[in-house]
Protein chains: 2
Amino acid sequence: MTSRPPRERGIPEATVARLPVYLRTLQALQDRGTLTVSSEDLASAAGVNSAKLRKDLSHLGSYGTRGVGYEVRYLVYQISRELGLTQDWAVAIVGIGNLGRALANYGGFGTRGFRIAALLDADPTMVGRRVASLDVGHIDTLESVVRDKGVSIGVITTPAVAAQAVATRFVEAGVSSILNFAPVVLNVPDGVDVRKVDLSIELQILAFHAQRRNGDEDHGAEPAGLELT
Amino acid sequence: MTSRPPRERGIPEATVARLPVYLRTLQALQDRGTLTVSSEDLASAAGVNSAKLRKDLSHLGSYGTRGVGYEVRYLVYQISRELGLTQDWAVAIVGIGNLGRALANYGGFGTRGFRIAALLDADPTMVGRRVASLDVGHIDTLESVVRDKGVSIGVITTPAVAAQAVATRFVEAGVSSILNFAPVVLNVPDGVDVRKVDLSIELQILAFHAQRRNGDEDHGAEPAGLELT
DNA sequence: CCCACTTTGTGCGTGCTTTCACAAGCACGT
DNA sequence: ACGTGCTTGTGAAAGCACGCACAAAGTGGG
C-alpha cells in the first residue's frame with residue numbers, strides 16, 4: 001500500500017479544469033526531453049499566472065523541490081493519476097453525423113486513457129457502416145452495448161431534438177458521465193455529470209466582446225421589423 | 001433615437017456566458033407560441049437558479065413585469081442585441097479536416113448572426129474542393145480573404161502544430177476574435193479574444209469526477225513502469 | 001560549514017459569483 | 001377604488017477564485 005498523498009479530498013473545480021492543460025504542457029516538455037521545470041516556465045507555457053499554477057499543484061500535494069522546480073515525469077504521473085487517466089475509460093458516441101465522425105476519427109484523445117468503444121446512430125443507412133475501424137451500431141442496442149463494453153462515458157452528437165432521449169437512456173443504462181454537443185440543456189438526475197460543448201455559445205460570447213470592442217458603433221438605429229406591442 | 005436602456009457598461013463575464021443559453025431557451029418557447037414566461041419557468045428550462053436568472057437579466061435593464069413575468073419576444077430581441085447578433089459576423093474556418101467540415105456543414109448556427117464566409121486549408125489536395133457550398137481556399141490567401149470578405153471571427157480547426165501560426169496570421173490580418181479547437185495554448189497580443197473548445201479536456205474533467213464518484217477504488221496499486229528516480 | 005541564490009508553498013486582501021430573502025410593483029377581481 | 005396574490009429587482013451575506021508578496025526550504029559555491 002502506497003502512502004496516501006497529503007492532499008485533502010476536494011480539489012477546487014477551477015483547478016480541475018486547468019489540470020488537463022498543465023498535463024498537456026508537461027507532456028510536450030517531456031517529449032522535448034526536459035527533466036525539470038519551474039512554476040514560472042510551466043505557467044507561461046500553459047498561459048496562466050505562476051502563483052495560480054503553484055496553488056493548483058499544491059492541491060495535489062507537494063511535488064516540487066524548492067530552488068529547483070518540478071520533475072516533469074513525476075508531475076505528469078501525479079496529474080494523470082488525479083484525473084483518473086491511469087485507468088481506461090470506454091466511450092460511446094451516439095449520433096454519427098459530421099461531428100460524430102470527426103470525433104471518432106480524432107485519434108489523439110489528448111492523452112491515452114480514453115478508448116472509443118462504440119458508435120451508435122438512429123439512421124438505418126448509417127448503421128453497419130465502418131467508421132474509424134468500428135461498425136456503427138443501432139441506437140436500440142445502446143443498453144446492451146453499454147453493459148457489454150463497460151461504457152462509462154457517453155458522448156452525444158445527435159441533433160438537438162434527439163439529445164434528451166439519448167441522455168435519459170444513457171443514464172438508465174448506468175452511464176453517469178455525459179459529454180453533450182447538442183445545443184440543448186439536458187435534464188438528468190443528481191449524481192450524473194453533464195458537460196456541454198457548444199459552438200454557437202462560444203461564437204456568441206466572442207461576438208459580445210467584439211461588439212464591445214468596436215464601441216457599439218451601430219446602436220443608434222433600431223432595426224426595422226420589431227414593432228413593440 | 002431610442003432611449004438608451006439604463007444598463008451600465010460592464011456585464012459580468014459569468015452572465016455573458018449564460019445569455020446564449022437563455023436566448024436559445026427563449027427561442028424554443030417562442031417557437032412553441034409562448035408569449036410570456038416567469039423567471040422560475042425560464043430558469044428551470046435553462047437549467048439555472050431563478051434568482052441568478054433575474055440578476056443576469058437585470059444587468060440588461062428591467063425588461064420584466066412584476067406579477068407577470070417577461071415577454072418572450074421582447075427578451076429575445078434584447079438579448080440578441082446585447083450579444084451583438086443583430087449584426088452579421090463573417091466567420092472564416094481554417095483547417096478543413098473532419099472537424100472543419102463538420103462545422104462548415106453545421107447549418108444552424110444556433111441563431112442567425114453568423115455567416116461562414118471562407119474555408120481555408122494548407123493541403124493542396126483539399127484546396128478547390130467544394131464544402132458546404134463554398135470553395136476551399138489556400139491558407140496563403142488568408143490575409144486577402146479576411147480583408148475582402150470582412151472576416152471578424154476566425155475559427156481554427158487545424159492540427160495542433162499549425163494552430164499558433166494561423167492564429168498569428170489572423171491577428172496580423174486584423175481578426176481579434178478567435179475560436180480555437182486545436183489542443184494548444186495560443187499566444188496572442190492583448191486585445192485579442194481567444195476562446196478554446198477542447199474535447200479531451202472535457203473528457204478528462206468527466207473522468208476526474210467519475211473516478212471520484214467511484215471512490216477511487218483502484219488507488220491501492222501503483223502501476224508498474226514508473227520507477228521513481 | 002556557511003552564505004548567497006533560487007524557487008516552492010501559502011497567508012491574506014480583493015473582487016467576483018452565487019444565493020437568500022424581501023420590499024416594491026403590477027394585474028386583476030370585486 | 002382598493003385589497004389580494006403573484007413575480008420582479010436587488011440589498012446583503014456567504015463562498016470562491018485570483019494574485020501578491022514573503023517565509024520556508026532546498027541547491028551550490030567557496
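Per chain, numbering begins at 1; letters A, B, ... match sequence-line order. Scope of the values below: all heavy atoms of this structure, side chains included, with no hydrogens, waters or symmetry mates.
Regarding B:Lys52, its NZ atom lies at a distance of 17 Å from the P atom of D:dT8, rounded to whole Å. Remark: C1' of C:dT18 and CD of B:Glu13 are 16 Å apart, rounded to the nearest angstrom. The interatomic distance linking A:His59 (NE2) with C:dT8 (P) rounds to 17 Å, in whole Å. Distance CG (A:Leu53) to C1' (C:dT8): 11 Å, rounded to an integer number of Å. The nearest whole Å value for the distance from the CG atom in B:Leu75 to the P atom in D:dT7 is 16 Å.
Remark: A:Arg54 is not in phosphate contact with D:dC18, judged by side-chain N or O atoms under 4.0 Å from OP1 or OP2. Within the 4.0 Å cut-off from OP1 or OP2 of D:dG9, at least one side-chain nitrogen or oxygen of B:Tyr70 is found.
Contacts of B:Ala14 with the nucleic acid, taken as non-hydrogen atoms under 4.0 Å apart, involve only primed sugar atoms and P, OP1 or OP2.
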Problem set entry | Working for salt bridge (charged side-chain N to carboxylate O under 4.0 Å, His left out), residues B:Asp193 and A:Arg212 | CA-CA 12 Å; B:Asp193 192 8; A:Arg212 180 136 305 188; over 6 Å; no
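The A:Pro12 side chain lies nearest to D:dA17 when the options are D:dA17, C:dT8, C:dT18.
The base of C:dT7 lies outside donor-acceptor range of the side chain of A:Arg66, with no N or O pair under 3.5 Å. Looking at A:Lys55, its side chain has no donor and acceptor atom pair within 3.5 Å of the base of C:dG9.
Looking at A:Tyr22 and A:Asp56, their side chains do bring a donor and an acceptor atom within 3.5 Å of each other. A donor and an acceptor atom, one from each side chain of B:Thr168 and B:Gln164, are located under 3.5 Å apart.
Residues from residues 30-50 of chain A that place a heavy atom under 4.0 Å from any atom of DNA chain D, listed by number: A:Asn49.
Side-chain atoms of B:Glu82 do not come within 3.5 Å of backbone N or O of B:Leu60 as any donor-acceptor pair. Checking side-chain atoms of A:Ser38 against main-chain N and O of A:Asp41 turns up a donor-acceptor pair under 3.5 Å. Proximity of a side-chain donor or acceptor of A:Thr157 to a complementary backbone N or O of A:Val94 within less than 3.5 Å is detected.
Closest-nucleotide positions on DNA chain D for B:Gly69 and A:Thr65 were compared, and the one nearer the 5' end corresponds to B:Gly69.
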